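Everything below concerns the one structure shown next.
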Amino acid sequence: MRMVDVISKKRDGKELTTKEINFFIDGYTNGTIPDYQASSLAMAIYFQDMNDRERADLTMAMVNSGETIDLSKIEGIKVDKHSTGGVGDTTTLVLAPLVAALDIPVAKMSGRGLGHTGGTIDKLESISGFHVEITNDKFIELVNRDKVAVIGQTGNLTPADKKLYALRDVTGTVNSIPLIASSIMSKKIASGANAIVLDVKTGAGAFMKTDKDAENLAHAMVQIGNNVGRNTMAIISDMSQPLGFAIGNALEVKEAIDTLKGEGPEDLTELVLTLGSQMVVLAKKAKTLEEARKLLLEVIKNGKALDKFKVFIKNQGGDESIVDNPEKLPQAKYKIDVPALTSGFVSNMVADEIGIAAMLLGAGRATKEDKIDLAVGLMLRKKVGDKVEKGEPILTIYSNRENVEDVKKKIYENISISDHATKPTLIHEIITK
Ligand code: URA
Ligand code: CA
């Protein structure tokens, strides 16, 4: 087989065989196919698309390009949740103990944050002692015993995707539905999930800026998952403004505790219940989404979800007393209110730019090497649609430096106040198959 023929075939809009797709991925991973040919094929796929069969084949070829995590020693159906990334997205911190409280195994592999979105591991590390550097055996033991554990990214998972994603990044081929969908799904499948719930974000803070694009991506991923034997569901949720009130590591841990108590922000709570219900159904602990939601509300109400959070923290070396005494979490030196300059209604909060404002304080990394400050971040006091009086705080800056003029400037540039505003719809669509 010659790579030039594979490229020409796709360029002309023809369907690639399983063998051709495997030839490409194997050759690209081991270096016999050079970057220029891979980049040419990526561009051909960008323009000519792939059908469902090709997408499933591409996904599995990338899964098989490296190691995979074997979770078969964990009893039960392992359901994983994946979000395409958002600002102040505290859902994983809440969902992990919440779903585990229903005896559903949550074996979570997580990463650190980069850019305007935060990573789950960074957030958890704001709990003193908490660590994710545990052995695979320990990870499996914890999930079997207490149903929940988080481990850092280990092993050489989907090397083909790593190489291809980096190449796409510099060749104008990131924004292709078959390439994005197979990239995301290959990583989920390689990390051992039997079933997958996807939260595809839409809006300013999201990878997909329009509903149409988000919808296409969600459908593509659900299709791939189900075609390769992983029950998969998705939702499309709003990321035009940040999620919840807290943006920043320790602040989001506190927000997760509140939400597990049933006292969290309305939007975060609703998102957690929507995604959680899908996880419960996929784990076959409930027949319908309504039944699943009832079960989740029950463990919030009776305290089991919060207790599970304590067990989870303690198991991974963390100080679980922060759950009852959140003031023990890292605290910022300065709390600076940002007042509204006019009266009216908050009509826009550009999510990604607000995320960058939090990053300027040190809550996130601009480059992989940056060290982050776990204490700092932003607490929204108003959300889009809320009424505000001139002089009333729209949000509070939590900072370890006194001068935050740069952060304030960014915030004022990206929050609008108008005569009227409507609250955005949080859940745009639920996709079950
Ligand atoms: N995120 C991924 O993991 N892969 C893509 O291709 C795009 C976003
Ligand atoms: Ca939040």
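Just so it is clear, the structure is predicted and the values come from calculations on it, not from any experiment. Numbering of ligands and ligand atoms starts at 1, following listing order.
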Exercise for review: Give a yes or no on whether Phe23 atom CZ has more than 12 heavy-atom contacts from other residues, nucleotides or ligands under 6.0 Å away.
Suggested key: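 Buried by this count: over 12 neighbours within 6.0 Å.
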Exercise for review: Check the surroundings of atom NZ in Lys9: do more than 12 heavy atoms from other residues, nucleotides or ligands lie under 6.0 Å from it?
Suggested key: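 Enclosed: over 12 neighbouring heavy atoms sit under 6.0 Å from NZ of Lys9.
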Result block: side-chain N/O donor-acceptor pairs under 3.5 angstrom for residues 425-432, not counting sequence neighbours:
from   : atom 1 : to     : atom 2 : distance (Å)
His428 : ND1    : Asp211 : OD1    : 3.1
His428 : ND1    : Asp211 : OD2    : 3.0
His428 : NE2    : Thr425 : O      : 3.1

Practice item. Please list all pairs passing the ring-ring contact (aromatic ring centres under 6.0 Å, His included) test where one or both residues lie in residues 212-255, with sequence neighbours left out. Key: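 Passing the test, one end in residues 212-255: no pairs.
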Which protein non-hydrogen atom lies closest to [atom], naming both residue and atom, and how far is it?
{"atom": "atom 4 (N) of ligand 1", "value": "Ser183 OG, 2.6 Å"}
{"atom": "atom 3 (O) of ligand 1", "value": "Lys187 NZ, 2.5 Å"}
{"atom": "atom 1 (N) of ligand 1", "value": "Tyr165 OH, 3.3 Å"}

Practice item. Test Lys301 against Glu298 for salt bridge (charged side-chain N to carboxylate O under 4.0 Å, His left out), laying out the working first. Key: CA-CA 5 Å; Lys301 208 160 178 194; Glu298 220 170 84; over 6 Å; no
Review point. Based purely on interatomic distance, does Asp161 place a nitrogen or oxygen under 3.5 Å from a nitrogen or oxygen of ligand 1?
Key: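 Between Asp161 and ligand 1 (N or O atoms, distance only) the closest approach is not under 3.5 Å.
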Review point. Should the pair Tyr28 and Phe24 be assigned to parallel (<30°), tilted (30 to 60°) or perpendicular (>60°) ring geometry?
Key: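 Plane angle under 30°, so parallel.
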Under 3.5 Å, side-chain donor or acceptor atoms of residues 269-276 against the rest of the protein: list the pairs with distances, not counting sequence neighbours.
from   : atom 1 : to     : atom 2 : distance (Å)
Thr269 : OG1    : Pro265 : O      : 2.7
Glu270 : OE1    : Arg293 : NH1    : 3.3
Glu270 : OE2    : Thr274 : OG1    : 3.2
Glu270 : OE2    : Arg293 : NH2    : 2.9
Thr274 : OG1    : Glu270 : O      : 2.7

Practice item. Could you list which atoms of ligand 1 come closer than 4.0 Å to a heavy atom of Phe207? Key: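 What qualifies from ligand 1 is 7 (C), 8 (C).
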Check your understanding: Using 4.0 Å as the upper bound for N to carboxylate O, is an ion pair formed by Lys382 and Glu392?
Key ->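 The answer is yes: the pair qualifies as a salt bridge.
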Review point. Within less than 4.0 angstrom of ligand 1, does Val174 place any heavy atom?
Key: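 No, that is not the case, since the closest heavy atom of the residue is not under 4.0 Å from the ligand.
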Check your understanding: List-wise, which protein N, O or S atoms are found short of 3.0 Å from the Ca ion (ligand 2)?
Key ->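 Atoms qualifying: Gly88 O, Thr90 OG1, Leu243 O, Ala246 O, Glu255 OE1.
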Check your understanding: Does the pair Leu260 and Ile257 meet the rule for a side-chain contact (heavy atoms from CB on, under 4.5 Å), with working shown?
Key -> CA-CA 5 Å; Leu260 286 165; Ile257 295 167; 5.7 Å; no
